[in-house]
Trainee: 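Pasting a structure here, questions to come.
Source: prediction; values computed, not measured. We name chains A, B, ... by the order of the sequence lines, and we start the count at 1 in each one.
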Amino acid sequence: MAASPERPGLLPLLAGRPEEVAPLLLGAVLRHGDVALRLTEVEAYAGEDDPGSHAYRGPTPRTEVMFGPAGRLYTYFSYGMHVCANVVVGEEGTAAAVLLRAGEVVEGRDIVRQRRPRSSERDLARGPARLCQALDITLEHGGADLGTGPVTIEPGPVRPRWESGPRVGLRQAAERPWRFWLPGEPSVSTYRPAAPRPPR
DNA sequence: GGACTGATGGTCT
DNA sequence: GACCATCAGTCCC
């Protein structure tokens with residue numbers, strides 16, 4: 001292994017503010033079984049003062065885990081067919097989270113190809129639902145502790161250079177520049193503003 | 001590459 | 001009953 005600076009333990013850092021924690025996750029390696037992804041794109045969500053957050057209206061059975069301690073997974077079912085995953089961050093009692101938007105497959109590529117046979121290389125884990133498919137993260141992993149598994153996270157090399165911009169796919173508060181990505185990565189999803197409500 | 005659209009079901013009002 | 005933190009397919013350039 002070439003000597004690259006490693007962050008000593010990511011989990012203690014997750015208790016910070018979501019927009020500060022999110023860039024720390026870039027380059028980190030998320031592992032489940034024999035598949036590992038290097039995170040290339042994430043998105044920060046605050047809690048009850050963020051209209052874009054699921055937790056905006058306070059805790060519900062679905063969003064309860066977001067109000068718990070940092071370092072757990074918050075998973076949800078989206079658009080009737082997709083699973084997306086967040087890392088819960090911030091102090092216990094707040095509802096901050098970081099949505100895992102995209103990653104690059106660094107281990108287990110053959111397994112991911114079997115799971116997503118029609119995907120091109122760059123699409124294997126591009127987008128939050130595809131990322132979950134690639135890692136086989138399901139709703140059952142909601143509440144799982146990244147410190148104990150089965151899904152774990154390892155700090156990546158320090159990445160001083162990242163970019164940020166508007167969040168994707170939100171109608172509420174999409175203007176907060178809380179999407180963070182590693183520039184130049186093919187696995188970063190293209191920015192697409194939330195579609196305006198179709199007239200009816 | 002980009003624009004557009006249908007699929008599909010949990011969650012909350 | 002409306003609202004989605006989406007994806008994949010199709011059509012067009």
Trainee: Answer yes when A:D123 and A:R126 have at least one side-chain N-carboxylate O distance shorter than 4.0 Å, and no when they do not.
Mentor: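 A salt bridge is present here (some side-chain N lies under 4.0 Å from a carboxylate O).
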Trainee: Would you indicate which nucleotide in C:dA5, C:dA8, B:dC12 comes nearest to any side-chain atom of A:R130?
Mentor: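 Output: C:dA8.
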Trainee: Using the ring of A:F77 (Phe, Tyr or Trp, six-membered ring only), decide whether A:R62 places NZ or CZ under 6.0 Å from its centre and within 45 degrees of its axis.
Mentor: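 Ring-cation test returns no.
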Trainee: With salt bridge (Lys or Arg N to Asp or Glu O under 4.0 Å) as the test, would you mind laying out the steps for A:R101 and A:E43 before giving the verdict?
Mentor: CA-CA 7 Å; A:R101 287 204 62 87; A:E43 207 163 80; 3.6 Å; yes
Trainee: Under 4.0 Å between a side-chain nitrogen and a carboxylate oxygen: does that hold for A:E19 and A:R176?
Mentor: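 Not counted as a salt bridge, because no side-chain N and carboxylate O are separated by less than 4.0 Å.
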Trainee: Between A:A129 and A:Q172, which residue's closest nucleotide on DNA chain C lies nearer the 5′ terminus?
Mentor: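 It is A:Q172 whose nearest nucleotide is closer to the 5' end.
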Trainee: Can you see which heavy atom on A:E48 is nearest to which on A:Y56, and at what distance?
Mentor: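 Result for this residue pair: O-CD1, 3.2 Å.
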Trainee: Out of B:dG10, C:dC4, C:dT6, which nucleotide sits closest to the side chain of A:S78?
Mentor: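 Looking only at side-chain atoms, A:S78 lies closest to C:dT6.
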Trainee: Can you figure out which of C:dA8, B:dC12, C:dA5 approaches the side chain of A:L99 most closely?
Mentor: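 Among the listed nucleotides, the one closest to the side chain of A:L99 is C:dA5.
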Trainee: Whether A:R38 and A:E154 form a salt bridge (side-chain N of Lys/Arg under 4.0 Å from carboxylate O of Asp/Glu) is what I want to check.
Mentor: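 A salt bridge is absent here (no side-chain N lies under 4.0 Å from a carboxylate O).
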Trainee: For A:Y79 and C:dC4, are the ring centres under 5.5 Å apart with planes inclined under 30°?
Mentor: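 Stacking between A:Y79 and C:dC4: present.
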Trainee: Between P on C:dA8 and CG on A:L131, what's the gap in Å once rounded to a whole number?
Mentor: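 It works out to 13 Å between those atoms.
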Trainee: What is the separation between atom CZ on A:R116 and atom P on C:dT6, rounded to the nearest whole Å?
Mentor: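 Taking CZ of A:R116 and P of C:dT6, I get 15 Å after rounding.
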Trainee: Could you tell me the separation between the CD atom of A:E43 and the P atom of C:dT6, rounded to a whole number of Å?
Mentor: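 Taking atom P of C:dT6 as the reference, CD of A:E43 is at 8 Å.
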Trainee: If you check the A:R122 side chain, which of B:dG1, C:dT6, B:dT8 turns out closest?
Mentor: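 For A:R122, the side-chain atoms sit closest to B:dG1.
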Trainee: Within this structure, what is the OH-to-C1' distance between A:Y76 and C:dC7, rounded to whole angstrom?
Mentor: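 Atom OH in A:Y76 sits about 13 Å away from atom C1' in C:dC7.
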Trainee: Between C:dA5, B:dC12, C:dA8, which nucleotide gets closest to the side-chain atoms of A:N86?
Mentor: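 Minimum distance to the A:N86 side chain belongs to C:dA5.
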Trainee: Is the phosphate of C:dT6, meaning OP1 or OP2, less than 4.0 Å from a side-chain N or O of A:R101?
Mentor: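 Answer is yes, contact under 4.0 Å.
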Trainee: Expressed in angstrom and rounded to an integer, what is the separation of A:L124 atom CG from C:dC7 atom C1'?
Mentor: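 Spelled out: CG on A:L124 to C1' on C:dC7 is 14 Å.
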Trainee: From CZ of A:F180 over to P of C:dA5, roughly how many Å is that when rounded to an integer?
Mentor: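 In whole Å, C:dA5 P lies 18 Å from A:F180 CZ.
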Trainee: In this structure, how many angstroms lie between the P atom of B:dG9 and the CZ atom of A:R62, rounded?
Mentor: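 Answer to the nearest Å: 17 Å.
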Trainee: Would you please determine if the base of C:dA5 is stacked by A:Y45, with stacking meaning a centroid separation under 5.5 angstrom and planes under 30 degrees?
Mentor: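 Stacking is present between C:dA5 and A:Y45, given that their ring centres fall under 5.5 Å apart and the planes under 30°.
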Trainee: Of all the nucleotides listed (B:dA7, C:dC4, C:dT6), which has the minimum atom distance to the side chain of A:H82?
Mentor: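 Side chain of A:H82 sits closest to C:dT6.
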Trainee: Under a single-linkage definition using a 4.5 Å side-chain heavy-atom cutoff for Ile, Leu, Val, Met, Phe, Trp and Tyr, are A:L37 and A:V83 assigned to the same hydrophobic cluster?
Mentor: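 No, no single cluster joins them.
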Trainee: Which ranges of DNA chain B pair up as stems, where a stem means three or more consecutive Watson-Crick or G-U pairs with both distances under 3.5 Å?
Mentor: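 DNA chain B forms these stems: B:1-7 with C:6-12, B:9-12 with C:1-4.
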Trainee: Rounded to whole angstrom units, what separation is found between the CG atom of A:L73 and the P atom of C:dA5?
Mentor: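 Between P of C:dA5 and CG of A:L73: 19 Å.
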Trainee: Ignoring the backbone of A:R118, work out which of C:dC4, C:dG9, C:dC7 is nearest its side chain.
Mentor: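 Ranking C:dC4, C:dG9, C:dC7 by closest atom to the A:R118 side chain puts C:dG9 first.
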Trainee: Can you name the ring pair (Phe, Tyr, Trp, His ring centres under 6.0 Å) partners of A:Y76, sequence neighbours left out?
Mentor: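 A:Y76 satisfies ring pair (Phe, Tyr, Trp, His ring centres under 6.0 Å) with A:H54, A:Y74 once adjacent residues are dropped.
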Trainee: By nearest atom, which of the nucleotides C:dT6, B:dT11, B:dG10 is closest to the A:F77 side chain?
Mentor: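 Given the options C:dT6, B:dT11, B:dG10, the side chain of A:F77 is closest to B:dG10.
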